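To start, the structure itself, in structure tokens.
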Amino acid sequence: MKIKIYSFDIFDTVLTRIVGNPTVLFLFLGKKLKDLSFIKCLPEEFLNYRINAEKEMRAIYGEVTLSDIYKRLGALLKWNEIECKKAMEIECKLEESFIRPIPVVKERLENLRKKAKRIIFLSDMYLSSNFIKEQLEKYRLLTQKDKCYISCEEKKSKIDGGLFRYIVSSEGVFSKYISHCGNDPHSDIEVPKKIGFNIEPFLEGNLNRYEKILDSYALETEGLSSIMAGASRLTRLSIPVSTPEEKALRDVAAGVMAPVLTGFLLWILNRVQELSLKRLYFISRDGYILLRIARKLVNKLNIECELRYLFGS
């Protein structure tokens, strides 16, 4: 059977975020809005306001846009129209700064285009197709020939199959000639399979067990552990492996060792600042990897401290 169209889910298949659970973005949004005096509540309280506003609107209207959500959020937080619009713009800018491409899928898209294959993108999402297209174009994942189907604009979702059926009608092909790639076991695998789509699962886009543990402490760490979970996912999605042993080593390195060592170095550098230290020694050989991480962190955090490697026995 010759496949005529290749469809791709967008988030955690083609694009991902540098946090674990996408709702953690609202925690960082709350911090920014509080700094700008948009809100008086704590960032974690704002996170709940934002999540509940979306839930309430979906319960009434089904598929909703970001504007729909902010109408309800504005009512909850007593914002005027101008404040709602500004806060919505801040969320979009923050969302954009959190988005990254998934290398292995980018390579897959490039190979399909070399064969002149038809490619479409779809997502159950409140963000506009224009915003999503901008993110895809930013990373050269979208061409003028491609099309995006977004649930909030089509008023149909993947989760109940409506968006897949609409694609079949809109594209004018039978479902058996479409291959769909996505990360969600229900809306990207089970649902389109029932409709007759060919399925190409991409479960690697989901958090693994180490990343889920990190993400579960997002509130206690003010979002830091969720960023570590997102960094772990992006790291393993960027490093191809060919054996189960290589996969295990990569996943443990990205999801366990890197967060532990980075967290330890962050604590050390915090103590460096508290004690006003000007020089820090790392003793060989166990200190070598710590020194390399520390050099990265002091530059990112603008910490003035001389780092040296001390040869020991």
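This is a predicted model, so every value here is computed, not measured.
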Shortest non-hydrogen contact between Ile178 and Val168, atoms and distance: CD1-CG2, 4.2 Å

Centroid separation under 6.0 Å, is that true for the rings of Phe98 and Phe28? yes

Would Lys4 and Tyr177 count as a cation-pi pair here, with the cationic atom under 6.0 angstrom from the ring centre and within 45° of the axis? yes

Under 3.5 Å donor-acceptor, Asp188 side chain and Pro185 backbone: no

Considering non-hydrogen atoms only, spot the tightest contact between Ile3 and Ile5 and give its length. CG2-O, 3.3 Å

Side chain to side chain donor-acceptor pair (under 3.5 Å) involving Arg108 - partner list, sequence neighbours excluded: Glu200

Given Ser7, which partner from the list Arg118, Lys147, His180 fulfils the side-chain hydrogen bond (donor to acceptor under 3.5 Å, both in side chains) test? His180

Whether Ser226 side chain and Ala218 backbone form a donor-acceptor pair below 3.5 Å: no

Does the side chain to side chain contact (heavy atoms under 4.5 Å, CB included) test come out yes or no for Asp215 and Leu207, once each step is laid out? CA-CA 9 Å; Asp215 189 68; Leu207 298 178; 4.2 Å; yes

Less than 4.0 Å between a side-chain N and a carboxylate O, is that true for Glu110 and Arg140? no

Just do the ring-ring contact (aromatic ring centres under 6.0 Å, His included) check on Tyr309 and Phe311 with the steps written out, would you? CA-CA 6 Å; Tyr309 191 53; Phe311 289 93; 5.2 Å; yes

Determine, for Arg271 against Glu274, whether the closest basic-nitrogen to carboxylate-oxygen distance falls under 4.0 angstrom. yes

Between Arg233 (side chain only) and Val19 (backbone N and O only), is there a donor and an acceptor less than 3.5 Å apart? yes

Under the side chain to side chain donor-acceptor pair (under 3.5 Å) test, which residues partner Asp251, sequence neighbours left out? Lys247

Taking side chain to side chain donor-acceptor pair (under 3.5 Å) as the test, write out the residues that go with Lys296, two or more places apart. none

Charged N-O contact under 4.0 Å between Glu190 and Lys194: yes

Mind running ring-ring contact (aromatic ring centres under 6.0 Å, His included) on Tyr149 and Phe121 for me, showing each step along the way? CA-CA 6 Å; Tyr149 293 89; Phe121 299 94; over 10 Å; no

For the residue pair Leu15 and Gln135, what are the closest heavy atoms and their distance? CD1-CB, 3.9 Å

Using the six-membered ring of Phe282, assess whether NZ or CZ of Arg308 lies under 6.0 Å from its centre and within 45 degrees of the ring axis. no

Side chains of Glu134 and Asn130: is there a donor and an acceptor less than 3.5 Å apart? no

What's the spacing between Ile120 CD1 and Ile167 CD1 if we round to 0.5 Å? 4.0 Å

Could you give me the CA-CA distance, side-chain angles and deciding distance for Ser232 and Tyr210, then say whether side chain to side chain contact (heavy atoms under 4.5 Å, CB included) is met? CA-CA 9 Å; Ser232 171; Tyr210 305 125; 5.7 Å; no

Asp146: which of Lys117, Lys133, Arg113 passes salt bridge (Lys or Arg N to Asp or Glu O under 4.0 Å): Arg113

Does the pair Tyr281 and Leu307 meet the rule for a side chain to side chain contact (heavy atoms under 4.5 Å, CB included), with working shown? CA-CA 6 Å; Tyr281 286 94; Leu307 304 178; over 6 Å; no

State whether Tyr126 and Arg50 meet the cation-pi test: NZ (Lys) or CZ (Arg) under 6.0 Å from the six-membered ring centroid, and within 45° of the perpendicular axis. yes

Does Tyr217 offer a backbone N or O that forms a donor-acceptor pair with the side chain of Ser225 under 3.5 Å? yes

Could you walk me through whether Phe11 and Thr16 pass side chain to side chain contact (heavy atoms under 4.5 Å, CB included), step by step? CA-CA 5 Å; Phe11 287 96; Thr16 191; over 6 Å; no

What verdict does the salt bridge (charged side-chain N to carboxylate O under 4.0 Å, His left out) test give for Lys138 and Glu96, after you've listed the backbone C-alpha separation in whole Å, the side-chain angles of each residue and the deciding distance to 0.1 Å? CA-CA 10 Å; Lys138 179 179 178 180; Glu96 182 177 4; 3.7 Å; yes

Ring pair (Phe, Tyr, Trp, His ring centres under 6.0 Å) partners for Tyr139, two or more places apart: none

Establish whether Ile268 and Val298 are linked, either directly or via other cluster members, by ILVMFWY side-chain heavy-atom contacts under 4.5 Å. yes

Is it true that Arg72 and Glu54 make a salt bridge, defined as a side-chain N closer than 4.0 Å to a carboxylate O? no

Atom pairs and distances, donor-acceptor, side-chain atoms in residues 42-49, under 3.5 Å, two or more places apart:
residue	atom	partner	partner atom	Å
Glu45	OE1	Leu42	N	2.8
Asn48	ND2	Glu44	O	3.4

Between Ser151 (side chain only) and Lys155 (backbone N and O only), is there a donor and an acceptor less than 3.5 Å apart? no

Give every donor-acceptor pair under 3.5 Å between a side-chain atom in residues 285-292 and any protein atom, sequence neighbours left out.
none

